[in-house]
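Here's the structure, in structure tokens; my notes come after.
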Protein chains: 2
Amino acid sequence: MQIHLDPRSAEPIFEQIAYAVKSALATGAAAEGDRLPSVRELARELAINPNTVVRAYEALEREGVVVRRQGAGCFLTGRGSELAAAGRRRQLQELLRRAATEAFHLGFSADDVRRALDQSLERLDFDRQRKATP
Amino acid sequence: MQIHLDPRSAEPIFEQIAYAVKSALATGAAAEGDRLPSVRELARELAINPNTVVRAYEALEREGVVVRRQGAGCFLTGRGSELAAAGRRRQLQELLRRAATEAFHLGFSADDVRRALDQSLERLDFDRQRKATP
DNA sequence: TCGACTGTATTAGTATAACTAATACAGTCT
DNA sequence: AGACTGTATTAGTTATACTAATACAGTCGA
């Protein structure tokens, strides 16, 4: 699993790491049971502080994406969000509402946006998706 | 045009304002030529500092959404992003890639996501959309 | 022409968040 | 038992967001 940071991004480093992990899981580049690079190893690779990696792994654990075992490592659960269905639906709505608004601002048509979404969805490994807790 | 702040959002206030303006434009709640609330008026309404509103309007101006006229006010151009086509396409790809990844994490199917996007797109006023600079 | 608005600019300050550095402890695995 | 792993804590720096105050310059309508 490759994790890169975008130095030009305004997004906090720990959030970029967390997103990269979710992206690897979603695209099939990583799977349930995989062990993430250790805190120190990833910190060295990215030339950042280990505490920053810890923050990313903490966030992922809070969202149910990973489980950390002291002394053993940090593992992908393969599980999705543990939020209730209503909360997840609300997050999805908000997510796509923002994306649609931003796409409108960028000057794209509704069909442009649908096509772009299809391309993004094709990259994802829905066959191996673990559904969220009902 | 209604602008509300979400106190629970981690998003900076000035970005919430900028997004609200883009959203009003996209949904037809506001149109080219409309004047935004003045810096002081919006600051009073939202109980924030006028400089924070200035920051939002500056960001919108940089993106081509508004034009500010000293003494006269701040007006919606109705124009979209002024980025080159390649830049806009890249932003769209990135936008939807992130949305798709997050939706996957939330446990939704590809069809769930398409439907949710359709709902969001239906809210937008594509008939009145001003295309971005070619 | 003047008053009440508008945007613009600047300086100074506070609070918070992100990240860093260092150190040490406890668990795991080979 | 050694080399790894995660976990915790304290302390510090930097950057960002927001605030407060003040003053200047432009617009518009009466």
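All values below come from the heavy atoms of this structure, side chains included, with hydrogens, waters and symmetry mates left out. Sequence lines set the chain letters: A, B, ... in the order given, protein chains first and strands last, and positions in each chain run from 1. Computed from a prediction, not measured in an experiment: that's the story for all the values here.
Within the structure, every pair that satisfies the salt bridge (charged side-chain N to carboxylate O under 4.0 Å, His left out) test and touches residues 99-120 of chain A, not counting sequence neighbours, is listed here: A:E102-B:K22, A:D111-A:R114, A:D112-A:R115, A:R114-B:D118, A:D118-B:R114.
Checking side-chain atoms of B:S120 against main-chain N and O of A:A100 turns up no donor-acceptor pair under 3.5 Å. Not a single donor-acceptor pair under 3.5 Å links the side chain of A:E63 to the backbone N or O of A:E82. A donor-acceptor contact shorter than 3.5 Å links the side chain of A:E61 to the backbone of A:R68. Between the A:E32 side chain and the A:R79 main chain, no donor and acceptor come within less than 3.5 Å of each other. Between the B:T101 side chain and the A:S23 main chain, no donor and acceptor come within less than 3.5 Å of each other. Panel note: side chain B:Q129, backbone A:F108; a donor-acceptor pair is recorded below 3.5 Å.
If you take CZ of A:R35 and C1' of C:dT30, they are 13 Å apart, rounded to a whole angstrom. Counting to the nearest Å, the C1' atom of D:dG6 and the CZ atom of A:R44 are 14 Å from each other. One can place CD of B:Q70 at 8 Å from P of C:dA9, the figure rounded to the nearest angstrom. Rounded to whole angstrom, the span from the CZ atom of B:F75 across to the P atom of C:dT6 amounts to 11 Å. Going from atom CD of B:E41 over to atom C1' of C:dC5 covers 11 Å, rounded to whole Å. One interatomic measurement links the two molecules: CZ of B:R40 to C1' of C:dA9, which rounds to 12 Å at whole-angstrom precision. Atom-to-atom, CZ of A:R68 to C1' of D:dG6 comes out at 7 Å; the value is rounded to the nearest Å. In this entry the distance linking CG of B:L36 with P of C:dT8 reads 12 Å, nearest Å.
A:Y19 carries B:R98 over the face of its six-membered ring, with the cationic atom under 6.0 Å from the centre and within 45° of the normal.
Annotation: proximity of residues 49-62 of chain A to DNA chain D (heavy atom, distance under 4.0 Å) is found for A:N51, numbered in ascending order. Residues from residues 11-21 of chain B with heavy atoms under 4.0 angstrom of DNA chain D, sorted by number: B:P12, B:I13, B:F14.
Put simply, CZ on B:R88 and CZ on B:R90 are 11.5 Å apart, with the number rounded to the nearest 0.5 Å.
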